[in-house]
There are 2 protein chains.
Amino acid sequence: MNTIKHNTKSPAREAPKTARGARTRAKILKAAEDAFGSLGYHQAGVSDITRLAGVAQGTFYTYFATKEDTLRELVRDMGHKVRAHLAAAVKDADGRLAAETLGLKAFLQYVADNPSLYRVLQEAQFVDESIYREYYEAFGRGYLRMLADATRKGEIRPGNDEIRVWALMGLSNFLGLRFALWEQDVPVDDIIATVSDLLQHGLALDPKS
Amino acid sequence: MNTIKHNTKSPAREAPKTARGARTRAKILKAAEDAFGSLGYHQAGVSDITRLAGVAQGTFYTYFATKEDTLRELVRDMGHKVRAHLAAAVKDADGRLAAETLGLKAFLQYVADNPSLYRVLQEAQFVDESIYREYYEAFGRGYLRMLADATRKGEIRPGNDEIRVWALMGLSNFLGLRFALWEQDVPVDDIIATVSDLLQHGLALDPKS
DNA sequence: ACGAAACCTGAATCAGTTGTCATATTTTGA
DNA sequence: TCAAAATATGACAACTGATTCAGGTTTCGT
């Protein structure tokens, strides 16, 4: 009747105490990213992860209580990385519209370079929905701040920025899925140009037509 | 190294020959939708499906070769239904922009009424990616036709319609996720209004400001 | 009414998984 | 240098859940 599983069991593992431990833990996390990314969370067994990491099965449990745990940590980790990457790309953009296109370009590049992102994130949704929502809500909060700022400064049209944030996240998400992850058959600059035009003028004809 | 599994085994099951069989098959498919929708594909066992359907475990295999098969059929089924629903909603819209808002409204309503849609579809992505892509590509093809039509007729700005299709699908998808599936805390009309404004004018300020 | 075909049953099988543990090795710090 | 702490091993216990199958029940066509 219920999907949520609480960690009533599985004693939380301790952080590594030595450099070797830290290295091993990192190797396992990286291996998990690869395994989940290529095989999928369910298909990938702990044995796949440890094989990729080059450690024994038991070692996994020195650092992670469960396979699920690993996924949670991975999602948080990836979230930080994407946000940092985008924040850096957008840092000194000239105006909100420029920031949008710079951000989209950086995102498309990031997706192409890190194809595991989508898969891990999307599958996390069904393993622990809260971690998935957390990812997008954190993302959305930062986005909202920038958009609201721009609205206040009169850089963009007034409007409901919370709704716009989700519209824009969806837009980026699908463009990334189709044109960066699945098929890179359309030049990035075409995508940027199209989205730029869309954000500048919408779909409507120029008033002066 | 590879995720794709071909059906080398699993002899395809035959279609039901009698009314009773057809009924049972339909019961199972409906039960699968409920089970996958509430528990998720992996969490839901064949036993959950048969229990919900009120049949024995073995009966499941009279109509479906594998659990995966059921998911595939469900996705196709749901795809037809959504597209039919949206096509009907948009049928006699006055111009493309009106069609967009009508379509979005109908979509949000549909998602709220059929919460299984997202879950089943999204999980299908990891069970059989081709069926997932097929869903969006079919959706996109229809969308593209309408958009290209409108562009040709001079109803909307010229631009790369393939890219715009994916941008618009993403936009709808995320608005549906956030405002219809997760939380219905924002009036639908606000969403429609915001998107309508976005498609009419973009984010830029009015030229005459 | 009756044989054949279709349909249904559910316990048993079976492949594959997670997580444990007793033991071995490496690192640390005094 | 050497004992304690930390880390690593890998075989395997315990479990899960999909699929099969031999045999019963219902429906169909004549």
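Proteins come first, then strands; the chains are lettered A, B, ... in the order of their sequence lines, and each starts at number 1. Here the structure is a predicted model, which is why all the values come from computation and not from measurement.
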Problem set entry | Integer-rounded Å distance: D/dG17 P and B/Leu39 CG | 11 Å
Problem set entry | CG/A/Asp94: more than 12 non-hydrogen atoms of other groups inside 6.0 Å | no
Exercise. Under a 4.0 Å N-O cut-off, is there an ion pair linking A/Asp189 with A/Lys105?
Worked result: yes
Problem set entry | Within the 6.0 Å centroid threshold, strictly below: A/Tyr136 and B/Phe174 | yes
Exercise. What one-letter contact string describes nucleotides 23-30 of chain C from 5' to 3', where B marks a base within less than 4.0 Å of any protein heavy atom, S marks contact via sugar-phosphate atoms alone, and - marks no contact?
Worked result: ---SSS--
For this session: May I ask you to say what A/Tyr63 touches in the nucleic acid, namely base, sugar-phosphate or nothing, with a heavy-atom cut-off under 4.0 Å?
Result: sugar-phosphate
For this session: Identify the two heavy atoms, one from A/Tyr132 and one from A/Gln122, that lie closest to each other, and give their separation to 0.1 Å.
Result: OH-OE1, 3.0 Å
Exercise. In residues 45-61 of chain B, which residues come under 4.0 Å of DNA chain C by heavy atom?
Worked result: B/Val55, B/Ala56, B/Gln57, B/Gly58, B/Thr59
Exercise. Starting at NZ of A/Lys67 and ending at P of D/dT16, how long is that distance when rounded to a whole Å?
Worked result: 16 Å
Problem set entry | Partner residues of A/Glu155 under the salt bridge (Lys or Arg N to Asp or Glu O under 4.0 Å) criterion, sequence neighbours left out | A/Lys153
Exercise. Mind checking what makes salt bridge (Lys or Arg N to Asp or Glu O under 4.0 Å) contact with B/Glu162, not counting sequence neighbours?
Worked result: A/Arg178
Exercise. A/Phe64 CZ to C/dT20 C1': how many Å, rounded?
Worked result: 18 Å
Exercise. Between C/dC8, D/dT7, C/dA6, which nucleotide has the shortest distance from any of its atoms to the side chain of A/Lys17?
Worked result: D/dT7
Problem set entry | Whole-Å distance separating the CD atom of B/Glu68 from the C1' atom of D/dG17 | 15 Å
For this session: Mind calculating the distance between CD1 (A/Ile28) and P (D/dT7) to the nearest angstrom?
Result: 11 Å
For this session: Output all residues satisfying side-chain contact (heavy atoms from CB on, under 4.5 Å) with A/Leu52, sequence neighbours left out; order by chain, then residue number.
Result: A/Ala31, A/Asp34, A/Ala35
Problem set entry | Separation of atom CG in B/Leu71 from atom C1' in D/dA18, rounded to whole Å | 15 Å
Exercise. Does the ring pair (Phe, Tyr, Trp, His ring centres under 6.0 Å) test come out yes or no for A/Phe126 and B/Phe126, once each step is laid out?
Worked result: CA-CA 11 Å; A/Phe126 307 108; B/Phe126 307 108; 7.0 Å; no
Exercise. Is there any salt bridge (charged side-chain N to carboxylate O under 4.0 Å, His left out) pair reaching into residues 134-148 of chain B, and which pairs are they, with sequence neighbours excluded?
Worked result: B/Arg133-B/Glu137
Exercise. For D/dA8, does either OP1 or OP2 sit under 4.0 Å from a side-chain N or O belonging to A/Thr24?
Worked result: yes
